[in-house]
S.K.: 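Pasting in a structure now, in structure tokens, and then I'll have a few things to ask.
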Amino acid sequence: MEFSVSYATINDGFMYHDKISKHHVGSVVHDFYSKNHAASGTAEEWLQRIQNNQVLLSATGKPVAPDTVLKAGERLTYFRLPWAEPEAPSSISVLYEDEHVLAVAKPAGLQVLPKASFCQRTVLGLLQAYQQQVRCKRYAGSQQPVPVHRLGRGTSGVLLCSCTVAARQKLCRDFRASTEMGVRSSTHSSGTGESEGRRQQGAAGGCSSGGDSRDDCTAALERPLGKTYRALVSGIVEQDEGEVDVAIGPVSYPGLSNGLFAASPSGKPARSLFRVLHRHADSTLMEVTILTGRPHQIRIHMAALGHPLLGDPLYGPGGAPMVAVVSGSRLGAYGDAGNAMPGDCGYHLHSMDLRFHHPATGAEMRLTAPVPAALQTPQEAAACPAAGPPHSFA
């Protein structure tokens, strides 16, 4: 079932909340916003917003002055005035739903949660409308569906949502447990005398080439939750299958106060299994199963393998960001043109298959989303029509 809405030309504005940590005690309001939210405006723009009474002390609801000194534990609220959001898909396809869970097929170009230039043109906004127009009549007393994981703005495919507090808690535990199992199985394998061929280190520093991956596939199936993707990467991947286990963590990046997730020796363990489905003239169609759930894991791991996702404006060979690249019009999620940002589109990545245990019944569930044309094998393309265009908003 497809659900669509008509977006308003101008949204209703948005309230952003910050809690002052001990690291910011003694700073003044203007410095706090201009330094910690530099991607959202220049120092001059933040000064104008504060003087326009758009920043309030949450406890009192009163505007603050630019030179107000901050105290630990205080909460600030910034009201962003209504604005015209960038173009974005206005529909989602419902793959499965009951009283406890809802799964949708997210189109590429649609952000999951409000951020930067997107507020109402998000999956969450569509879910709110779906709840009000459909679910409240179908399931009396039902709660607002909330995504329990995220997909990048440029990624399409299966997105799982919880519809009760209990379901959300159970599914979040399963996501965490799956990542922990992926990490533990890697640690166990590394300490049990693996053959050199099984864990051969390539130029990326953590890429296995070839080898028997049956143990890893078995481990993937035993995990409480599993996700398999389709990805189109640049260049020709020579090995038919393998693993990437490059650690992922935040690194310094212009415009992002908390840094950008990328390949990092000091990051958290991350594991991805890949299999070649088809080799084109200058690109390779891959199936990727993630054993851990780190931010932008597949984009980073394929780049670490030496084959960044085709069209990815952010990650280059090695899994590091291409700081010098200017994304231009693709920077719609973040405002003015500058260095590429995580929300930029242009790549081809699809969450094809999601396996999980139903949070209420315990039943094993498997949901799939139709594969876009760019990510189909020649045999699939000849056998059946593809899903709609996945990258209309690249």
Side-chain angles (χ1 to χ4, degrees), residues 155 157 181-182 185-186 188-190 192-223 226-248 263 269-294 296-312 315-319 347-355 366 368-369 371-384 386:
T155 305
M181 288 182 67
S185 61
S186 176
H188 175 75
S189 298
S190 299
T192 53
E194 282 186 297
S195 68
E196 182 65 22
R198 177 69 181 87
R199 299 288 301 164
Q200 178 181 346
Q201 299 298 304
C207 305
S208 303
S209 47
D212 185 356
S213 59
R214 287 174 294 179
D215 291 342
D216 285 326
C217 291
T218 300
L221 292 174
E222 292 174 347
R223 294 160 65 238
K227 298 169 70 177
T228 299
Y229 291 72
R230 287 283 179 92
L232 187 64
V233 305
S234 57
I236 305 301
V237 179
E238 295 182 358
Q239 60 265 39
D240 291 333
E241 61 180 24
E243 175 185 343
V244 183
D245 61 0
V246 172
I248 294 174
R271 300 180 66 204
S272 301
L273 306 178
F274 66 86
R275 181 168 68 94
V276 171
L277 298 179
H278 183 76
R279 295 179 177 90
H280 299 288
D282 56 0
S283 61
T284 304
L285 178 61
M286 308 275 276
E287 179 183 274
V288 184
T289 297
I290 56 174
L291 301 185
T292 53
R294 308 303 182 196
H296 314 303
Q297 179 168 319
I298 294 178
R299 296 172 68 183
I300 295 168
H301 273 181
M302 293 302 97
L305 186 66
H307 298 276
L309 266 60
L310 190 68
D312 193 334
Y315 294 103
Y347 56 88
H348 298 271
L349 182 61
H350 179 72
S351 176
M352 180 183 69
D353 184 285
L354 175 64
R355 300 172 302 283
R366 180 174 182 176
T368 60
V371 179
L375 295 171
Q376 289 189 339
T377 65
Q379 294 80 6
E380 289 170 338
C384 62

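Everything numeric here is computed off the predicted structure, so don't read it as measured data.
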S.K.: Show the nearest heavy-atom pair for residues T155 and S351, with the distance to one decimal.
M.R.: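 Shortest heavy-atom contact: CG2-N, 4.4 Å.
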
S.K.: For V237, does its backbone N or O pair with a side-chain atom of R279 as donor and acceptor, under 3.5 Å?
M.R.: yes

S.K.: Would you say the side-chain atoms of Q297 and T292 include a donor-acceptor pair closer than 3.5 Å?
M.R.: yes

S.K.: Please check: side-chain N/O of H301 versus main-chain N/O of V288, any donor-acceptor pairing under 3.5 Å?
M.R.: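 No.
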
S.K.: Looking only at non-hydrogen atoms, find the nearest pair between I300 and A263 and report the distance.
M.R.: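 What the structure gives for the nearest pair is CG2-N, 3.6 Å.
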
S.K.: For S234 versus H307, what's the shortest heavy-atom pair and its separation?
M.R.: O-ND1, 2.8 Å

S.K.: I would like to know whether V233 and F274 meet side chain to side chain contact (heavy atoms under 4.5 Å, CB included); could you show each step before the answer?
M.R.: CA-CA 11 Å; V233 305; F274 66 86; over 6 Å; no

S.K.: Hey, could you give me the CG/CG distance between D282 and L310, rounded to the nearest 0.5 Å?
M.R.: 7.0 Å

S.K.: To the closest 0.5 Å, what do you measure between CZ (R275) and CD (Q239)?
M.R.: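 R275 atom CZ to Q239 atom CD measures 14.0 Å (nearest 0.5 Å).
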
S.K.: L309 versus Y315: any side-chain heavy-atom pair under 4.5 Å?
M.R.: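 A side-chain contact is absent here, since even the closest heavy-atom pair is not under 4.5 Å.
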
S.K.: Counting N and O atoms only, with roles assigned by atom type, does the side chain of E380 sit under 3.5 Å from a partner on the main chain of T377, one being a donor and the other an acceptor?
M.R.: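 Present.
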
S.K.: Can you find a pair of side-chain heavy atoms, one from M286 and one from V276, that are under 4.5 Å apart?
M.R.: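 Heavy-atom side-chain distance check passes, below 4.5 Å.
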
S.K.: Partners of H280 by side-chain contact (heavy atoms from CB on, under 4.5 Å), sequence neighbours excluded?
M.R.: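 Per chain and number, H280 pairs via side-chain contact (heavy atoms from CB on, under 4.5 Å) with L232, H278, S283, L285.
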
S.K.: Can a donor-acceptor pair be found between the side chains of T228 and E287 at a distance below 3.5 Å?
M.R.: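 No pair is found: no donor N or O on one side chain lies under 3.5 Å from an acceptor on the other.
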
S.K.: What is the distance from atom CZ of R271 to atom OG1 of T289, rounded to the nearest 0.5 Å?
M.R.: 11.5 Å

S.K.: Considering non-hydrogen atoms only, spot the tightest contact between R294 and P269 and give its length.
M.R.: NE-O, 2.8 Å

S.K.: Check the pair Y229 / M352 against side chain to side chain contact (heavy atoms under 4.5 Å, CB included), numbers first and verdict last.
M.R.: CA-CA 5 Å; Y229 291 72; M352 180 183 69; over 6 Å; no

S.K.: Is the backbone N or O of G235 less than 3.5 Å from a side-chain atom of T284, with the two atoms forming a donor-acceptor pair by type?
M.R.: yes

S.K.: I need the I298 CD1 to I290 CD1 distance, nearest 0.5 Å.
M.R.: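 Between atom CD1 of I298 and atom CD1 of I290 there are 5.5 Å.
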
S.K.: So, D353 and R230, do they make that salt bridge, N to O below 4.0 Å?
M.R.: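 Not counted as a salt bridge, because no side-chain N and carboxylate O are separated by less than 4.0 Å.
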
S.K.: Between P308 and G316, which heavy-atom pair has the shortest distance, and what is it?
M.R.: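 Taking P308 first and G316 second, the nearest heavy atoms are CG-C, 3.9 Å.
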
